**Student:** 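Could you have a look at this structure, given as structure tokens, before my questions?
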Amino acid sequence: MLSEVKLMFDQIIQFLATGLSIGSTYALVGLGFAIIYNASGVVNFAQGEFVMLGAMSVVGLLGAGVPYPLALLVAIAIVTLVGFSLNKFAIEPARGASVVATIIITIGASILLRGAALLIWGKDIFSMPAFTGDEPIQIGAATLVPQNLWIMGITVILVLGVRYFFDKTLIGKAILACSCNKTAAGLVGINVKLMLLTSYGLSAAIGAVAGLLIAPIAFTSFDAGTMLGLKGFAAAILGGMGSSMGAVAGGLVLGVLESLGAGLISSGYKDAIAFVIILAVLFFKPSGLFGFKSVDRV
Amino acid sequence: MNRLKGFYVYAAVVALLPILFPDNYFVTVVGATILLNVILAVGLNLFIGYAGQISLGHAAFFGIGAYSSAVLTTRFELNAWLAMLVGLGLVYVIANLVARPILKLKGHYLAMATLGFGIIVNIILVQESSWSGGPDGLGDIPTLSLFGFDIDTDLRWYGMIAFFSLAAILVSLNIIDSRAGRELRAVHGSEFAAQMMGVDTVRTRTNVFVLSAMFASLAGSLFAHQQAFVSPESFGFGFSIEIVTMVVLGGMASTYGAVFGAIVLTLLPETLVVFEDYEMLIFGGILMGGMIFMPQGLFVFLTQKIRTVLNHRSGPSPKPQDAQKTLECDS
Amino acid sequence: MKKRNKCLAGMAAVALGMLSASSVVLAAGDTIKVGTFLSVTGPASFLGDPELKTLQMYIEDINAKGGIDGKQVELVHYDTGGNAKKAVNFAKRLIKRDKVDVIVGGSTSGSTLASMPEIEKSGVPFISLAGSVKIVDPVSPWTFKTPHTDRMAASKVYLDMQARGITKVALISGDGGFGKSGRAQSLALAPDFGITIVADESYGRKDTDMTAQVTNIRSSDAQAILNFGFGSGPAIVTKNIRQLGIELPLYQSHGVASKKFIDLAGDAAEGVRLPAAALLVADKLDDSDQQKAVLVAYKNAYEAKYGPVSTFGGHAYDGLYIALEAIDRANSTDKTAVRDQIEATKGFVGTSGIFTMSKDDHLGLGLDAFRMLEIRNGDWALVE
Amino acid sequence: MTILQAVNLDKHFGGVAAVTDLSFSVTEGEIYSVIGPNGAGKTTLFNMLCGYYVPSGGSITFAGKDLAGMETHQIAAQGISRTFQNLQVFYNMTVLENVMVGCHMRTRTGLIKAALRLPSVIREERQVREWSLEALTLCGLEHLADREAGSLPYGELKRLEIARALASDPKFLAMDEPAAGLNDTETVEMRQLIQRLKERGITILLVEHNMGLVMQISDRVLVLGFGCLLAEGTPQEVQNNPAVIKAYLGEDV
């Protein structure tokens with residue numbers, strides 16, 4: 001009896017560890033959603049494609065003989081450029097478009113990017129070497145591969161970095177100012193366009209990093225971004241749209257929910273369980289866990 | 001009768017095409033798909049375009065309608081028309097049940113909630129294979145029959161779907177041009193002002209959500225009998241997005257816009273097929289370009305263009321749009 | 001069931017009467033039209049892509065050699081992107097607009113099953129390239145298939161387990177059509193082989209980590225693990241199993257029968273067993289093996305042009321040749337005649353095995369067509 | 001006869017008190033104005049009256065009925081209507097349609113009847129059109145009936161809101177700064193319009209910064225300061241009230 005309890009406990013530890021690792025990638029994708037939403041009020045449904053492009057670029061660069069660490073950096077740079085162009089060529093010209101119109105534009109962008117990836121890299125699934133090998137590590141009752149630790153570690157660093165950026169640096173504060181009131185931000189001399197560009201670049205770069213981190217575990221292919229994009233969106237909404245830290249928390253919660261759902265209830269229904277819980281949260285907190293309700297002045 | 005001028009022209013075209021081209025794949029097969037999508041788009045347009053809400057899970061109702069018909073006619077050998085009614089009833093109940101919690105939400109939160117609902121329904125269809133047939137789907141669905149005639153050729157299906165599609169457009173036009181339709185648009189314009197005029201906006205939003213869900217359910221039942229086969233992948237997130245795109249790309253808050261969107265979005269992939277691997281790239285580009293350069297939608301864009309051309313011919317006339325623009329700058 | 005088949009046959013005959021009247025006029029040209037709809041993009045592109053390449057390569061080859069009965073063969077192709085709804089419309093397009101003589105296609109069971117009602121109604125010979133047993137059981141008059149069924153795969157795996165004395169099995173499957181159908185067959189067949197399923201887990205197509213499911217399997221008392229799925233899922237499962245230090249024998253399905261799986265799973269794939277067509281081990285076959293010549297020829301031709309071969313392209317090879325040989329034997333493209341000749345296929349040596357079809361068997365393969373393979377040193381090896 | 005009565009109303013947002021212990025009553029048929037500096041709680045008061053905010057304490061009674069717990073549309077059904085400080089026009093409709101929404105409570109047609117467009121619906125539509133044109137005429141907008149609402153200038157939009165409210169045949173109309181942003185001529189027109197409404201027997205609750213307008217047309221005036229009642233009385237009484245003078249002109253005068 002006691003050993004059964006112990007086994008159950010060990011299992012739950014494993015589920016939690018796995019969940020946190022999956023959740024970290026969701027958190028990064030969600031963070032990307034939150035940054036762009038904050039700066040421009042747009043929900044960028046192409047966020048998942050940044051993740052895919054990051055991983056696919058590394059695969060492509062490795063194939064071209066670029067050394068591993070350099071390939072990682074170049075891939076992030078490439079995706080950042082894609083983020084810049086998305087803002088420049090799709091979001092900026094469509095200023096003043098309705099919420100649904102921007103949703104369609106970003107969905108169009110995601111299809112376009114997927115189509116481009118298909119043409120460049122083909123339909124194959126690609127593997128990517130782990131940062132530091134595949135040898136499993138035992139941590140308490142949980143077994144992880146080193147890549148899991150990389151995922152969680154880099155997520156923590158990035159999240160802290162983003163937080164510092166928005167709280168402490170002038171550019172970060174300027175972006176926040178744009179999100180509150182573009183006209184006012186413009187009046188006090190903030191280059192609103194530049195700030196938007198920065199936030200798209202930043203969010204693309206974070207997406208790319210998420211891609212690099214997850215690919216050694218889950219592989220990559222031209223259509224690998226879609227599902228991660230949806231999960232990231234769910235994470236951002238669960239946390240409260242526009243709250244960066246909320247998105248991170250939302251991602252971690254989502255990952256743990258999925259893992260516990262799969263492990264304890266039913267692996268077939270794990271996504272449904274996660275979504276039911278998200279819906280329940282929204283029912284009681286219509287602006288997400290950490291979002292704030294804005295009151296319209298009438 | 002001026003009110004329905006456009007409708008009569010459209011109905012005439014829909015009726016004439018198969019008479020002129022009775023054996024043309026693009027008329028009877030693609031045409032039937034277009035007309036089916038018209039039902040979906042026109043229904044969703046009431047919710048998105050007119051009432052100003054968003055739903056990324058509409059394919060779920062399409063699927064519930066389709067599966068109701070499929071399961072009831074194959075497993076319980078129920079009459080197909082009865083099954084269709086049961087499907088409508090089921091969607092009525094489900095839509096009402098989810099509407100209350102979901103419609104409390106606004107904007108992106110509503111988008112997320114409807115998306116989640118759609119995904120949950122899809123997962124159920126995939127997992128509950130004992131009655132749904134799972135991912136492999138359900139086949140051998142009997143066809144519809146009317147007055148003893150089996151609807152078993154593409155031409156007959158075209159006629160059947162055309163009938164319901166025209167009915168859907170007529171209903172939509174009638175509603176928009178009535179007290180109920182003004183309610184919807186008022187909710188979109190200013191929810192609080194609408195309430196102040198005595199509109200129970202929660203009920204209005206629920207009703208239009210349920211109504212557009214029932215349009216989808218009807219389309220689903222027709223789809224199931226037409227294809228004689230249903231599987232969950234036809235009712236997934238991707239298709240929800242496709243319907244929304246029809247509404248938005250065609251032109252929101254315009255019934256003909258939705259019709260136009262359904263036509264364009266059904267024909268586009270059919271034509272892009274020849275581009276093979278380039279299909280996605282081109283399709284994505286068209287979506288983006290369309291929305292960036294014509295944010296008000298294709299239909300509105302084109303009618304405005306035509307109007308400008310006509311106006312130029314008959315001399316300059318005042319443009320109300322300009323006045324609107326100045327106002328937007330003021331506020 | 002029987003009654004319905006008769007009914008269908010009757011309907012088909014009527015439809016055929018109407019169709020053949022028109023097709024005589026249209027097919028009077030001197031090409032044989034082979035229609036195909038495949039999942040060249042989308043989640044099942046790993047099936048559709050080699051299938052299309054195979055069809056294109058061999059039709060070009062046949063035409064270069066003078067065609068069939070002096071007629072050139074024309075391929076009409078549409079990409080379904082793995083979407084069943086599109087498959088139905090493209091099947092209609094092939095039949096109504098392109099007026100093809102025979103259809104060889106349908107990469108996934110979903111797209112095949114979806115388009116079957118339409119094809120059966122129109123009465124066009126159809127050779128499916130998808131796995132599910134439902135396609136040919138019960139037999140429909142116009143539909144055939146070339147790949148082994150999932151039921152055969154499960155049987156083959158269970159036989160191997162029996163030989164190793166395994167009675168408790170943990171099942172894990174993808175939640176796509178292939179995985180779900182394979183799971184159903186595995187559950188249904190287990191008692192016949194004295195096997196108990198002690199864990200039954202599943203995963204989504206785009207899941208990135210299956211550790212939670214594998215953890216549950218670890219705590220069951222399974223003696224072996226069986227995974228039905230395709231795409232990246234099985235490779236992730238394989239890696240997760242190793243990560244959690246599980247040493248149990250791991251069986252995969254024929255869904256991973258391509259070199260890609262070994263690439264993706266890497267070292268973790270060592271020792272994995274799976275039932276697959278002999279194509280993967282063509283070079284290692286005994287020279288006396290009837291199939292060897294065909295396999296080596298296909299493998300060399302494909303690899304010279306496109307890279308590593310998979311068994312999926314082989315299904316298209318089998319389908320194409322069964323169809324064309326039937327047309328050749330029928331000396332016409334009359335649909336009933338061609339269908340009857342396909343049914344009369346006897347001892348056709350294909351990549352998946354040796355086909356002998358009949359009115360009641362629209363697959364024509366036996367369990368022996370499957371070979372049990374094991375991954376050793378990053379390559380396939382035959383299990384004796 | 002008292003038509004509206006507020007007793008000990010309180011409203012605070014978090015720690016900030018917007019309205020404190022406010023009591024007053026409005027008599028049927030009068031023009032009752034509420035004035036006070038910005039942030040005195042006038043709009044908050046309006047929003048509580050209309051059910052947009054829930055009062056933190058106290059009660060509002062209208063024609064003998066407690067409004068507590070009623071939703072905005074239920075309050076509207078009691079015969080209360082309002083106009084908005086920040087315009088809430090339905091920009092996605094024509095001028096006439098805007099006003100037709102106002103007739104909502106006087107008609108019945110639901111979705112199903114509308115979908116089938118039964119003869120009763122057509123009759124009702126005709127009636128609604130008639131009522132709406134009447135309201136537009138009263139506000140001097142009948143010539144703009146078919147224009148898109150978005151194309152109207154500010155002053156006319158203000159009158160459109162009044163026409164829309166009128167179409168609901170209200171007993172009581174709350175107007176939130178109807179003259180704000182209007183030029184002198186428009187203000188005069190607005191004053192005349194408000195007086196016409198009064199003549200039709202509509203009780204008016206007016207919030208306004210234009211003191212000239214308020215003092216000219218009000219029967220009674222309530223002065224708010226920091227959410228509290230400073231004074232109440234006829235325009236003359238209020239103008240001479242030392243507390244009011246202090247609040248408006250500062251401590252030292």
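Residue numbering restarts at 1 for every chain, and letters A, B, ... go by the order of the sequence lines. On a predicted model such as this, the values are computed, not experimentally measured, just so you know.
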**Student:** Output, in order, the C-alpha distance, side-chain angles, deciding distance and verdict of side chain to side chain contact (heavy atoms under 4.5 Å, CB included) for B:Leu115 and A:Phe233.
**Tutor:** CA-CA 10 Å; B:Leu115 187 158; A:Phe233 176 50; 4.1 Å; yes
**Student:** Is A:Ile237 in contact with chain B via its backbone, its side chain, both, or neither, using a 4.5 Å heavy-atom distance?
**Tutor:**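 A:Ile237 touches chain B through backbone and side-chain heavy atoms alike.
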**Student:** For B:Ile292 versus A:Pro93, what's the shortest heavy-atom pair and its separation?
**Tutor:** CG2-CB, 3.6 Å
**Student:** Please check if atom CZ in A:Phe84 has more than 12 non-hydrogen atoms from other residues, nucleotides or ligands closer than 6.0 Å.
**Tutor:** yes
**Student:** Only one of A:Leu112, A:Thr106, A:Ile111 clears side-chain contact (heavy atoms from CB on, under 4.5 Å) with B:Met288; which?
**Tutor:**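 The residue from A:Leu112, A:Thr106, A:Ile111 that satisfies side-chain contact (heavy atoms from CB on, under 4.5 Å) with B:Met288 turns out to be A:Leu112.
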**Student:** For residues B:His108 and A:Ile103, report the shortest heavy-atom separation together with the two atoms involved.
**Tutor:**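 Where B:His108 meets A:Ile103 most closely, the heavy atoms are CD2-CD1, 4.5 Å.
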**Student:** Sort A:Val43 into side chain, backbone, both or neither according to what part of it lies under 4.5 angstrom from a heavy atom of chain B.
**Tutor:** both
**Student:** Measure A:Leu118 against the heavy atoms of chain B and call it side chain, backbone, both or neither at under 4.5 Å.
**Tutor:**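 It is the side chain, since no backbone atom gets that close.
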**Student:** Check each atom of B:Leu249 against the heavy atoms of chain A and say whether the ones under 4.5 Å are side chain, backbone, both or neither.
**Tutor:** neither
**Student:** Return the minimal non-hydrogen interatomic distance between A:Ile104 and B:Met291, and the atom names on each side.
**Tutor:** CG2-CG, 3.6 Å
**Student:** At a 4.5 Å cut-off on heavy atoms, which part of B:Phe293 comes close to chain A: side chain, backbone, both, or neither?
**Tutor:** neither
**Student:** Sort A:Ile105 into side chain, backbone, both or neither according to what part of it lies under 4.5 angstrom from a heavy atom of chain B.
**Tutor:** both
**Student:** Are the side chains of A:Tyr269 and B:Ile124 in touch, meaning some heavy atoms are under 4.5 Å apart?
**Tutor:**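 A:Tyr269 vs B:Ile124: side chains touch.
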**Student:** Heavy-atom distance under 4.5 Å between the side chains of A:Ile107 and B:Val244, does that happen here?
**Tutor:**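 In short, these two side chains do not touch, never coming nearer than 4.5 Å.
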**Student:** State the CG-CG distance between B:Leu105 and A:Leu282, to the nearest 0.5 angstrom.
**Tutor:** 5.5 Å
**Student:** Please flag which part of A:Ser266 lies under 4.5 Å from any non-hydrogen atom of chain B: side chain, backbone, both or neither.
**Tutor:** neither
**Student:** I need the minimum non-hydrogen distance between B:Met112 and A:Ala234, along with the two atoms involved.
**Tutor:**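 B:Met112 and A:Ala234 have their closest heavy atoms at SD-CA, 3.6 Å.
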**Student:** Side chain, backbone, both or neither: which part of A:Phe33 has a non-hydrogen atom closer than 4.5 Å to chain B?
**Tutor:**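 Neither part, no heavy atoms under 4.5 Å.
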**Student:** Taking side chain as everything from C-beta outward and backbone as N, CA, C, O, which of these in A:Leu230 sits under 4.5 Å from a heavy atom of chain B? Side chain, backbone, both or neither.
**Tutor:** side chain
**Student:** With B:Gln296, which residues qualify under side chain to side chain donor-acceptor pair (under 3.5 Å), at least two apart?
**Tutor:**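 For B:Gln296, no residue satisfies side chain to side chain donor-acceptor pair (under 3.5 Å) once neighbours in sequence are set aside.
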**Student:** Using every non-hydrogen atom in the two residues, find where A:Phe283 and B:Pro101 come nearest and quote the distance to one decimal.
**Tutor:** CD1-CB, 3.2 Å
**Student:** Which heavy atom of B:Gln127 sits nearest to which heavy atom of A:Gly268, and what is that distance?
**Tutor:** NE2-O, 3.3 Å
**Student:** Given heavy-atom pairs under 4.5 angstrom as the criterion, report whether the side chain, backbone, both or neither of A:Phe45 touches chain B.
**Tutor:**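 Contact with chain B: side chain only.
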**Student:** Answer yes or no: is there a side-chain heavy-atom contact under 4.5 Å between B:Val98 and A:Leu279?
**Tutor:** no
**Student:** Looking at B:Met280, B:Lys106, B:Glu279, which one has more heavy-atom pairs under 4.5 Å with chain A than the rest?
**Tutor:**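 Winner by heavy-atom pair count: B:Met280.
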